[in-house]
Amino acid sequence: MRLSVTGIVKRFGAVTALAGIDLTVEEGEFLTILGPSGSGKTTLLKAVAGFEVPDEGQVHLGDQDVTLSAARHRNVGMVFQNYALFPHMTVAENIAFPLEMRRVSKPEITKRVGETLALVELETYGARLPRQLSGGQQQRVALARAIVFGPALLLLDEPFGALDRKLRESLQLEVRRLQRRLRLTTLFITHDQEEALIMSDRIAVMDQGRIQQIGTPADVYDKPVSRFVADFIGESNLIEGTAANGQVVLPGFGTLAHPDAPASGPVTLLLRPEAMRVGAEARAAHCQAQCTVLEAIFLGLSIKLRLRPEQGPDLLARLPLRPSDPPPAAEGSSVLVGFSPEDVHVVPRG
Amino acid sequence: MSSPAAEREGPARKRERHLLLLGLPAILLLLGLFAWPVLRLLAMSVQDGTLTQLERAATDELYVAVLFDSLQIAGLVMVICLLLAYPVALWLTRAGPLGVALGMFALLLPFWTSVLVRTYAWMVLLGRNGVVNRALRDWGLIEQPLPLLHNLGGVLIGMVHVLLPYMVFPIYAALLRIDPDLSRAAEGLGASRWSAFRRVVLPLSLAGVGAGCALVFVLALGFFITPALLGGGRVVMISMLIEQQVRELLDWPFAAALSAVLLTVTLAVYAVINRVSRSARLATP
C-alpha cells in the first residue's frame with residue numbers, strides 16, 4: 001500500500017529530530033532513507049511503525065490516516081536491526097506469531113508458515129530456536145516473520161549491519177528479489193550508501209532531521225543537490241572555484257565554461273574519481289594539471305590514485321583495470337590529470 | 001603420556017586454580033564458621049547411637065503439623081511477595097532514572113534497619129492501640145480495634161515486608177535482560193500490550209521468578225524473629241520449636257533432629273523450585 005508522510009515534526013526537548021518530513025513511497029516501491037547516525041532516520045521509521053507519535057504532521061497508509069494508531073493496528077511488518085526474534089520460541093512459532101495475533105485458523109497458520117519458510121529457503125529449520133541459527137539465517141527468519149501476514153508496508157531498520165560483507169551482499173540481492181516478486185511497499189533505513197545504491201528504486205538522503213534530496217540512485221549519485229549529498233554518497237572530489245564573465249576559474253586547472261554555473265560568485269564542482277582523466281586521456285581535456293601520485297591502490301577491477309596537484313587539495317582518481325593493462329602510474333611519479341565540462345556536476349549552493 | 005589435549009587444558013586449569021584461590025578466604029570462613037557447626041549440630045541428633053530423636057522429630061504429630069504450617073506460611077509469603085514484586089520490578093524497568101533511584105532507595109532502605117527493629121515497628125503499627133487501629137477508629141470506620149497482631153495476618157505482613165526485596169531483585173534483573181525491541185516487535189506484529197507481555201516478556205522473565213521464589217521460600221521457612229514477635233505465640237513455625245528445645249528444654253539432641261528435618265525439607269523444596277525454573281530457563285538464552 002502507498003505510504004505518505006506529510007510535514008512530520010518530532011522534537012525531544014530542545015533537539016529537533018525531524019524538522020518537517022514529506023515523503024511518499026509508491027505501492028511496490030523500494031525507498032531507502034539514507035543518512036548518517038543522528039540524522040533522524042530511526043525516529044522517522046518509529047513514527048511510521050507506530051512506536052513514536054510525531055508532534056506535527058500525518059502518516060497515511062493507503063487512504064487511512066494512521067498517525068495516532070497503535071503499532072498493532074497498522075499492519076506493518078518490520079525487521080529490526082538486531083532482528084528481535086523471540087528467543088523462547090522456535091523459528092516456526094516466531095513466524096506464526098503475527099498470524100496467531102490475527103486469529104488465523106490453525107491449519108491456515110501451518111500452511112502459511114510452511115510457505116514463508118520455503119520463500120526464505122529455511123524449510124527444514126522450523127523446529128530450531130533462533131540462537132541455533134547463524135546471523136544470516138536469523139535475518140531471514142526476521143524477514144519471514146515480517147512478511148508472513150501480508151503487511152501493507154515492510155520496514156527494514158539496518159538489517160544487514162551485523163553481517164559480514166559477503167553474506168550481506170547476497171542477502172541484499174535476495175531481499176531485493178523477494179521485494180520485487182511480492183511487490184512489497186518497502187521503507188529501508190541505512191547509513192551505508194553502497195547498500196542504498198544497490199537496493200533502492202529511490203533514495204531519500206537525510207541529514208539533521210530533513211530530507212536533503214530524493215531521487216533514483218543515479219540521480220543522487222550523479223546530480224547531488226548539495227555538498228552534503230555529494231560528499232556522503234560515493235567518493236568525490238569537490239573542487240572550489242569562482243565564476244566570472246561566464247567562466248569558472250579553478251586555481252591550478254585554468255578556466256571552464258559550464259552551463260549550470262552561476263554568472264558570478266563561488267562555485268563547487270563535483271568530480272567523481274572515475275570521471276577523472278589521467279595520462280594520455282587528459283591531454284584533450286579542457287582543464288589540466290600536473291599531479292604527483294601519492295598513492296596507487298590496487299583494487300582488483302580498478303586502481304585508485306591519490307593525486308597531489310601543485311595547487312589545491314588532493315584529488316582521487318579511479319581507473320579501470322584489465323589484466324593485460326600495464327600499471328598506469330607508479331607512486332611518486334608525475335602524471336597529467338584533466339577533466340572537461342561534461343565530467344563535472346555543479347553542486348548547488350544551499 | 002602427555003596428549004596434546006591435556007597440554008591445551010593446562011592454562012585453563014591454571015586459571016581455574018587462581019580463581020579458586022580468590023574464593024578461598026570465603027570458603028574457609030564458611031567451612032569453619034558455618035558448615036562445621038551445622039555438622040556438629042546434626043551429629044548431636046544421633047549421638048546416642050540411635051535414630052530415635054530423628055524418628056520422633058519426623059513422625060510426632062505436633063511437630064509434623066508445625067512443619068506443615070511452616071511450609072504453608074512460607075508458601076503464602078512467597079505467593080504474596082511474587083504478586084507484589086512482579087509489578088514493582090516491571091515498573092522499575094520502565095521508570096525514568098529518578099523513578100529507578102527512588103524505587104531502589106525504597107527497596108534497599110529496610111536493609112539498613114535490623115529485622116528486629118522493623119518487627120517492633122510493625123508491632124507499633126498493628127497493635128490494638130497501634131497507629132492503624134487508632135487512625136481507623138478516629139475516622140469512624142471501625143468501632144472495635146481490628147485484630148491485626150498476634151495472628152497469621154500480622155505474621156504475613158511482617159514477613160512479606162522483610163522478604164519482598166529478595167523477590168523484586170531477581171525478577172528485575174531478569175526483566176532488564178530482555179531486549180525492549182522484543183515487546184516492540186510483538187506489538188508491531190499485531191499483539192496487544194497484554195499479549196506482548198504474556199507471550200514474550202512473562203516467559204522470558206520466568207528464570208528470575210524461579211530464583212526469587214526459591215530465595216523467599218527458603219528464607220521464609222527458617223524465619224524466627226518476625227513470626228515469634230508478630231505471631232504472639234499463636235502462630236508457631238518450626239524454627240520457634242527448635243529455639244524452644246535449645247533455650248527452654250535444653251534438649252540439644254532433639255533440637256538437632258528438628259534442624260535436620262527442616263534442612264532436609266528446605267533442600268527438597270529448593271530442588272523442586274530449581275527444577276521447575278530450570279525448565280523455564282532452558283527456553284531462554
Side-chain angles (χ1 to χ4, degrees), chain A residues 42 45-46 48-52 66 69-90 93-104 109 128-133 138 141-159, chain B residues 82 86 89-90 93-101 170-213 273-285:
Chain A
T42 302
L45 186 83
K46 282 183 174 170
V48 172
F51 300 132
E52 202 85 75
V66 296
S69 311
R72 67 191 164 106
H73 296 309
R74 295 197 183 194
N75 205 30
V76 168
M78 176 156 169
V79 177
F80 288 73
Q81 208 164 0
N82 54 4
Y83 316 140
L85 295 175
F86 306 130
H88 57 303
M89 297 184 198
T90 63
E93 285 167 349
N94 262 283
I95 300 173
F97 187 85
L99 300 175
E100 281 171 28
M101 292 301 127
R102 286 169 175 73
R103 307 198 185 288
V104 176
I109 288 180
R128 301 226 192 155
L129 286 171
R131 65 163 177 273
Q132 296 167 321
L133 302 183
Q138 290 184 19
V141 175
L143 183 67
R145 190 178 67 174
I147 61 176
V148 68
F149 56 97
L153 174 71
L154 178 63
L155 300 177
L156 304 169
D157 184 10
E158 308 220 13
Chain B
L82 179 59
Y86 203 103
L90 200 58
T93 58
R94 303 192 177 172
L98 185 69
V100 172
I171 297 176
Y172 177 55
L175 287 172
L176 269 191
R177 278 197 301 271
I178 301 174
D179 179 358
D181 269 350
L182 291 181
S183 317
R184 240 176 254 144
E187 283 177 46
L189 292 168
S192 62
R193 278 262 162 108
W194 167 245
S195 297
F197 172 75
R198 198 179 57 80
R199 295 287 308 272
V200 178
V201 176
L202 184 63
L204 289 173
S205 67
L206 284 184
V209 169
C213 284
I273 295 179
N274 218 16
R275 167 161 291 192
V276 172
S277 78
R278 171 128 1 123
S279 65
R281 204 168 14 224
L282 269 186
T284 60

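Each chain gets a letter, A, B and so on, in the order the sequences are listed, and its residues count up from 1.
Interface residue A:E100: only side-chain heavy atoms are found under 4.5 Å from chain B. Interface remark: B:D181 contributes backbone and side-chain atoms alike to the contact with chain A (heavy atom separation under 4.5 Å). Interface residue B:A186: backbone and side-chain heavy atoms are both found under 4.5 Å from chain A.
The side chain to side chain contact (heavy atoms under 4.5 Å, CB included) check on B:L202 picks up B:Y86, B:F197, B:S205, with sequence neighbours excluded. Under the ring pair (Phe, Tyr, Trp, His ring centres under 6.0 Å) criterion, A:F97 pairs with A:F86, sequence neighbours left out.
When each of A:V148, A:L85, A:N82 is checked for heavy-atom pairs under 4.5 Å with chain B, A:N82 comes out on top.
Under a 3.5 Å cut-off, the side chain of A:R102 and the backbone N or O of B:L189 do form a donor-acceptor pair. The backbone N or O of A:V48 lies less than 3.5 Å from a partner atom in the side chain of A:R74, making a donor-acceptor pair.
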